[in-house]
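Comments concern the structure below.
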2 protein chains.
Amino acid sequence: MAKETRRRVYEFMRNQIRAGSVPSVREVQRAMGFSAVQSAQEHLDALVADGFLEKIPRISRGYRLPERSVSAFMIPLLGRVQAGGLVDAIEDREGYVAVDIDPSRRPLFALRVRGESMKDAAILPDDIVIVRQQPSAQHGDIVVAMIDDQATVKRLRIVPGPAGSSRAELHPENPEFSPIIPEGDLHILGKVVEVRRQFETSVFHEDSIP
Amino acid sequence: MAKETRRRVYEFMRNQIRAGSVPSVREVQRAMGFSAVQSAQEHLDALVADGFLEKIPRISRGYRLPERSVSAFMIPLLGRVQAGGLVDAIEDREGYVAVDIDPSRRPLFALRVRGESMKDAAILPDDIVIVRQQPSAQHGDIVVAMIDDQATVKRLRIVPGPAGSSRAELHPENPEFSPIIPEGDLHILGKVVEVRRQFETSVFHEDSIP
DNA sequence: TTGACTACCAGACATTTGTCTGGTATCTTC
DNA sequence: GAAGATACCAGACAAATGTCTGGTAGTCAA
């Protein structure tokens with residue numbers, strides 16, 4: 001029937017693309033048993049017109065699934081963040097974590113939480129925080145900052161200082177810990193945008209990369 | 001340096017492929033600024049030889065990431081899970097969530113937490129739980145179960161019953177709530193494998209001076 | 001009928017693309 | 001210095017590929 005072939009074309013494309021390889025027009029032709037390229041082309045055009053597929057003109061294998069637009073990204077899970085901040089720490093990655101925020105707009109990284117200082121904010125040891133890299137933050141944000149050559153997760157508070165000035169403090173969310181009042185500059189690595197707790201390990205550990 | 005270019009080629013390929021489009025050799029050439037196709041080709045060949053890439057000969061854009069590489073998956077974030085369980089609820093999706101667990105092995109779904117009954121387990125209202133679909137679970141697991149036509153997140157406890165039998169109970173982690181002792185069958189939707197909390201990320205985010 | 005529309009076919013053309021041969025410059029290693 | 005290895009360049013060719021023009025057969029509705 002009419003509609004039947006189109007459905008077969010769509011399912012062929014969807015399965016192939018999900019499996020990781022985009023068919024060319026002639027591969028669709030062969031898969032469907034058409035003896036003309038144009039037959040496959042027209043079905044593909046129709047699927048694009050109906051929004052079932054997207055295509056990049058003129059490039060080979062340029063068809064995409066629209067739901068790819070909600071795509072996922074992998075960001076590095078850093079092991080330790082030490083002196084020198086991220087520049088050095090980037091090389092010390094523990095694995096990768098999947099996020100659905102586009103990291104190309106603003107760099108993201110992930111960090112494993114140590115210690116119980118944020119317990120009352122429901123952030124526990126071994127949780128993973130997703131951090132958006134930025135040099136400053138607002139009052140009330142949960143941030144990652146460098147304290148004594150170690151990355152620490154705390155809540156940022158901006159308190160009024162003498163003579164109308166203001167000062168940044170790092171507050172834990174656990175009465176057993178004390179606030180940190182930095183003496184000099186406060187080196188903020190970024191703002192925590194998400195917290196994750198995994199009950200099963202699923203982080204990818206890489207061996208080596210060229 | 002020598003290795004530096006190869007790394008750039010690899011990362012270009014990896015990012016492009018993960019983003020859903022496999023570059024052609026000449027696209028690599030242009031991206032790297034080579035004036036000869038062969039330069040890109042040789043780097044790709046070397047990456048294939050070292051196992052960092054795989055390729056299908058003679059077909060355009062035939063490079064793949066090896067199986068062991070990380071990939072991210074998108075799973076549905078269900079709005080409400082009601083009577084009938086997941087089968088009906090699948091159509092009531094609120095969005096998608098990125099995970100790095102392969103959902104083809106065992107179905108996964110995500111659910112937004114309501115209520116404070118798991119507060120002491122550091123699971124707060126509006127948190128998102130990633131659930132692996134399974135009809136049963138073990139003592140101590142945090143599960144999603146159907147209670148009164150509503151999906152609820154609780155800790156599962158198997159307690160000894162009369163005459164050597166055992167009974168399942170659903171325990172909140174908040175003293176203000178009472179355990180649920182199901183009368184009939186306990187309908188478990190799945191086991192919570194991850195908890196996520198997203199802090200609101202304003203589009204108009206201004207950095208203030210810390 | 002006519003006209004439109006759809007599905008498919010036949011053949012062709014210009015790019016794109018994978019692949020190949022050979023060359024240059026710069027290293028290291030013996 | 002010679003030999004080998006590496007990284008890159010120059011140019012080319014055949015196959016793969018996107019795209020186009022025009023044609024046939026069937027359906028459906030006015």
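A, B, ... follow the sequence lines: proteins, then strands. Residue 1 opens every chain.
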What is the distance from [atom1] of [X] to [atom2] of [N], rounded to the nearest Å?
X	N	atom1	atom2	answer
B:Leu53	C:dG18	CG	C1'	16 Å
B:Lys55	C:dG18	NZ	P	8 Å
B:Ile59	C:dT16	CD1	C1'	14 Å
B:Leu44	D:dA7	CG	C1'	14 Å
A:Arg7	C:dT6	CZ	C1'	19 Å
B:Tyr63	C:dG18	OH	C1'	8 Å
B:Gln29	C:dT17	CD	P	11 Å
B:Gln41	D:dT6	CD	P	17 Å

Q) With side chains defined as the heavy atoms from C-beta onward, is the minimum distance between A:Lys191 and A:Leu156 less than 4.5 Å? A)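 In short, these two side chains do not touch, never coming nearer than 4.5 Å.
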Q) Of B:Ser35 and A:Arg61, whose nearest nucleotide on DNA chain D comes first from the 5' end? A)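 The 5'-side residue here is B:Ser35.
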Q. Between B:Phe34 and B:Arg58, which is nearer to the 5' end of DNA chain D once each is assigned its nearest nucleotide?
A.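 Its nearest nucleotide lies further toward 5', so the answer is B:Phe34.
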(Q) Using the side-chain heavy atoms of B:Ala36, tell me which of these nucleotides is nearest: D:dC9, C:dC8, C:dT19. (A)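 Ranking D:dC9, C:dC8, C:dT19 by closest atom to the B:Ala36 side chain puts D:dC9 first.
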Q: Taking the six-membered ring for Trp and the single ring otherwise, decide whether the centroids of A:His43 and A:Tyr10 are under 6.0 Å apart.
A: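 Centroid distance A:His43-A:Tyr10: not below 6.0 Å, so no.
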Q: Under 4.0 Å between any heavy atoms, over every strand shown, what does A:Ser60 touch: base, sugar-phosphate, or nothing? Just pick one.
A: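 Sugar-phosphate contact only.
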Does the side chain of [X] get closer than 4.0 angstrom to OP1 or OP2 of [N] through an N or O atom?
X	N	answer
B:Ser24	C:dT17	yes
B:His43	D:dT6	no
A:Thr5	C:dA7	no

Q: Please tell me which of B:Glu42 and B:Gly62 maps to the more 5' nucleotide of DNA chain C, matching each residue to the nucleotide holding its nearest heavy atom.
A: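 Looking at the nearest nucleotide for each, B:Gly62 comes out on the 5' side.
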(Q) Taking donor-acceptor contacts at under 3.5 Å, does the side chain of A:Gln38 reach the base of D:dC20? (A)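 Looking at the base of D:dC20, it does pair with a donor or acceptor on the side chain of A:Gln38 (distance under 3.5 Å).
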Q. Where do B:Gln133 and B:Phe109 come nearest, in terms of heavy atoms and distance?
A.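 Distance-wise, the nearest heavy atoms are CG-CE2, 3.9 Å.
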(Q) Minimum heavy-atom separation for B:Asn174 and B:Asp120, please, with both atom names. (A)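 For B:Asn174 versus B:Asp120, the nearest heavy atoms are CA-OD2, 3.9 Å.
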Q) Is the number of heavy atoms from other residues, nucleotides or ligands under 6.0 Å of B:Lys119 NZ greater than 12? A)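 Counting neighbours around NZ of B:Lys119, 12 or fewer heavy atoms of other residues, nucleotides or ligands fall under 6.0 Å, so no.
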